[in-house]
Asks: 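Got a structure for you, written out below as structure tokens; questions coming shortly.
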Amino acid sequence: MATYLTQHATPKGPRWAMDGYFLPETFGLSILLSLPAQSIDNFLQALPAAEAVQEPLLPPIQPAQEVWASGVTYLRSREAREAESDAADVYTRVYDAARPELFLKAIGWRVAGHGEPIRVRQDSRWSVPEPELTLVVNRHQQIVGFCAGNDVSSRDIEGENPLYLPQAKFYRRSCALGPGILITQPGELADLPVRLEILRSGEPVFQGETRTSHMKRSLEELVAYLGRELDFPYGVFLMTGTGVVPPVEFTLLEGDLVRVQVGSLMLENAVQAGT
């Protein structure tokens with residue numbers, strides 16, 4: 001059975017919990033992600049369980065940890081990028097290339113958690129959520145778990161010029177992770193359902209679904225490329241790309257509610273307009 005880790009706001013500051021019970025105050029996710037994968041279960045089971053959790057959730061990430069993202073890993077994503085861009089061949093080539101597209105998405109302190117607002121840019125006319133399996137990777141470049149992720153993106157900005165990708169992807173509250181982390185084996189991630197639902201005034205305006213088995217690249221391949229010339233002493237989160245894309249006429253509006261489900265994990269965020 002997978003172990004479930006969550007981070008919570010308490011009067012004394014952030015604190016981690018395991019399966020609904022607080023861990024010792026000294027526990028931090030970076031400690032866990034410094035361990036080899038084969039040692040994690042024993043380490044967690046040796047920790048004393050304290051009182052049951054009641055405090056609100058925080059993003060399941062520490063401030064100094066990084067979130068990276070993969071692009072064009074699903075055929076549906078390639079088609080969407082081609083449709084939006086004046087340089088469509090770029091996305092065709094990266095989909096078929098040996099080297100994947102990887103980019104920095106967020107630093108831990110910029111990440112929104114479950115129930116916290118996500119944002120759309122003031123200077124974007126076309127913004128969408130991207131539901132993604134997000135890997136939790138230790139310092140040894142081993143996949144040790146996952147969470148649900150939302151890679152909020154400005155499609156018009158990226159479509160105008162691929163070199164604008166950092167502005168389309170990397171801005172305040174453009175990344176949401178949560179609600180917690182499931183510690184599990186990589187093999188259990190090979191065929192998870194990934195669902196997206198967007199509500200407007202309480203009514204669904206878009207629903208879509210894919211599975212991680214539809215991904216062109218393996219999870220291990222993406223992690224291996226990320227770690228070729230980078231080290232992550234505190235561990236790293238890696239978003240694995242989206243296979244669910246709303247139609248071209250759709251854009252997020254303030255007040256929309258976005259639900260991302262990956263496996264058994266449901267991440268929910270309301271949309272806030274840029275200010």
Side-chain angles (χ1 to χ4, degrees), residues 57 59-60 67 69-85 91 95 105 111-121 124-135 146-159 168-169 173-182 188-216 219 237 239-274:
L57 282 166
V67 183
S70 315
V72 203
T73 55
Y74 291 82
L75 179 61
R76 179 68 185 96
S77 179
R78 190 198 78 179
E79 293 170 344
R81 299 290 90 79
E82 289 173 342
E84 78 190 15
S85 179
Y91 300 98
Y95 182 78
K105 176 64 184 179
V111 172
H114 177 77
E116 296 182 333
I118 52 177
R119 292 180 64 257
V120 292
R121 288 184 65 115
S124 173
R125 303 178 310 280
W126 186 14
S127 297
V128 296
E130 296 186 3
E132 305 192 15
L133 165 69
T134 302
L135 304 176
F146 78 98
C147 60
N150 187 350
D151 171 15
V152 188
S153 302
S154 302
R155 290 188 65 181
D156 55 334
I157 294 176
E158 181 181 0
K169 295 284 193 177
R173 291 192 175 270
S174 66
C175 177
L177 297 177
I181 295 169
L182 272 180
E188 298 178 21
L189 310 182
D191 190 36
L192 292 177
V194 180
R195 301 184 178 97
L196 172 64
E197 181 180 39
I198 305 170
L199 303 179
R200 184 167 292 165
S201 301
E203 298 295 326
V205 291
F206 177 79
Q207 293 175 315
E209 180 176 346
T210 189
R211 302 191 72 87
T212 56
S213 56
H214 296 171
M215 199 180 303
K216 183 177 188 290
L219 305 179
F237 290 72
M239 307 181 95
T240 56
T242 190
V244 183
V245 182
V248 294
E249 64 271 15
F250 179 87
T251 188
L252 287 171
L253 299 179
E254 184 168 23
D256 286 352
L257 187 66
V258 180
R259 290 175 178 160
V260 171
Q261 184 173 359
V262 181
S264 61
L265 299 183
M266 173 75 79
L267 171 65
E268 184 174 285
N269 304 92
V271 177
Q272 188 179 74

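When reading the values below, keep in mind they use all heavy atoms of this one structure, side chains included, and skip hydrogens, waters and symmetry mates.
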Asks: Please find the pair of heavy atoms, one from Gly113 and one from Pro59, that lie closest to each other, and give the distance.
Replies: N-CG, 3.4 Å

Asks: If you compare all heavy atoms of His214 against all heavy atoms of Thr210, which two are closest, and at what distance to 0.1 Å?
Replies: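 Nearest heavy atoms, His214 then Thr210: ND1-OG1, 3.2 Å.
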
Asks: Any donor-acceptor pair under 3.5 Å linking the side chain of Trp126 with the backbone of Phe250?
Replies: yes

Asks: Nearest 0.5 angstrom please: Asn150 CG to Leu196 CG, how far?
Replies: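 Between Asn150 CG and Leu196 CG, I get 7.5 Å after rounding to 0.5 Å.
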
Asks: Report yes if the side chains of Val245 and Tyr74 come closer than 4.5 Å at any heavy-atom pair, otherwise no.
Replies: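 Side chain of Val245 against side chain of Tyr74, heavy atoms only: no contact under 4.5 Å found.
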
Asks: Would you say the side chain of Met215 lies within less than 4.5 Å of the side chain of Ser70, judging by non-hydrogen atoms?
Replies: no

Asks: Hey, does the side chain of Glu132 reach the backbone of Gly241 with a donor-acceptor pair shorter than 3.5 angstrom?
Replies: yes

Asks: Got Arg125 and Thr251 here, is their nearest side-chain heavy-atom distance under 4.5 Å?
Replies: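 When only atoms from C-beta onward are counted, Thr251 and Arg125 do not touch, as no gap falls below 4.5 Å.
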
Asks: Look up atom CG in Leu177 and atom CG in Asp151, then write down how far apart they are to the nearest 0.5 Å.
Replies: 10.0 Å

Asks: Can you name the nearest heavy-atom pair linking Ala176 to Ile118, along with the distance?
Replies: CB-CG2, 3.8 Å

Asks: So, the side chain of Thr242 versus the backbone of Val244: is there a donor-acceptor pair under 3.5 Å, distance only?
Replies: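 Present.
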
Asks: Please round to the nearest 0.5 Å and tell me the distance separating atom CG of Leu252 and atom CG of Leu257.
Replies: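 The CG atom of Leu257 is 11.0 Å from CG of Leu252, to the nearest 0.5 Å.
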
Asks: With rounding to the nearest 0.5 angstrom, report the CZ to OG1 distance, Phe237 to Thr134.
Replies: 8.5 Å

Asks: Closer than 3.5 angstrom, by distance alone: can the side chain of Asp256 be matched with the main-chain N or O of Arg200 as a donor-acceptor pair?
Replies: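 No, because the side chain of Asp256 does not come within donor-acceptor range (under 3.5 Å) of the backbone of Arg200.
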
Asks: Is the shortest side-chain N to carboxylate O distance from Lys169 to Glu130 below 4.0 Å?
Replies: yes

Asks: Of the non-hydrogen atoms in Pro129 and Val258, which two are nearest, and what is the gap between them?
Replies: CB-CG1, 3.8 Å

Asks: So how far is it from Lys105 NZ to Ser174 OG, rounded to the nearest 0.5 Å?
Replies: 3.5 Å

Asks: With no hydrogens and no angle check, is any side-chain donor or acceptor of Asp156 less than 3.5 Å from a backbone partner on Ser127?
Replies: no

Asks: As a test of understanding, state which of Thr212, Leu219, Thr240, Val262 forms a side chain to side chain contact (heavy atoms under 4.5 Å, CB included) with Leu189.
Replies: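 Among Thr212, Leu219, Thr240, Val262, the one that satisfies the side chain to side chain contact (heavy atoms under 4.5 Å, CB included) with Leu189 is Leu219.
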
Asks: Provide the closest heavy-atom pair for Gly180 versus Pro60 in the form atom of the first, atom of the second, distance.
Replies: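 Shortest heavy-atom separation between Gly180 and Pro60 comes out as CA-CB, 4.1 Å.
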
Asks: Would you say the side chain of Gln261 lies within less than 4.5 Å of the side chain of Glu197, judging by non-hydrogen atoms?
Replies: no

Asks: Quick one: does Ser264's side chain get under 4.5 Å of Leu182's, heavy atoms only?
Replies: yes

Asks: Once rounded to the nearest 0.5 Å, what's the spacing between atom CG of Leu267 and atom NE2 of His114?
Replies: 7.0 Å

Asks: Please name the pair of heavy atoms, one in Ala273 and one in Glu254, separated by the smallest distance, quoted to 0.1 Å.
Replies: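 Minimum heavy-atom contact is CB-OE1, 3.5 Å.
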
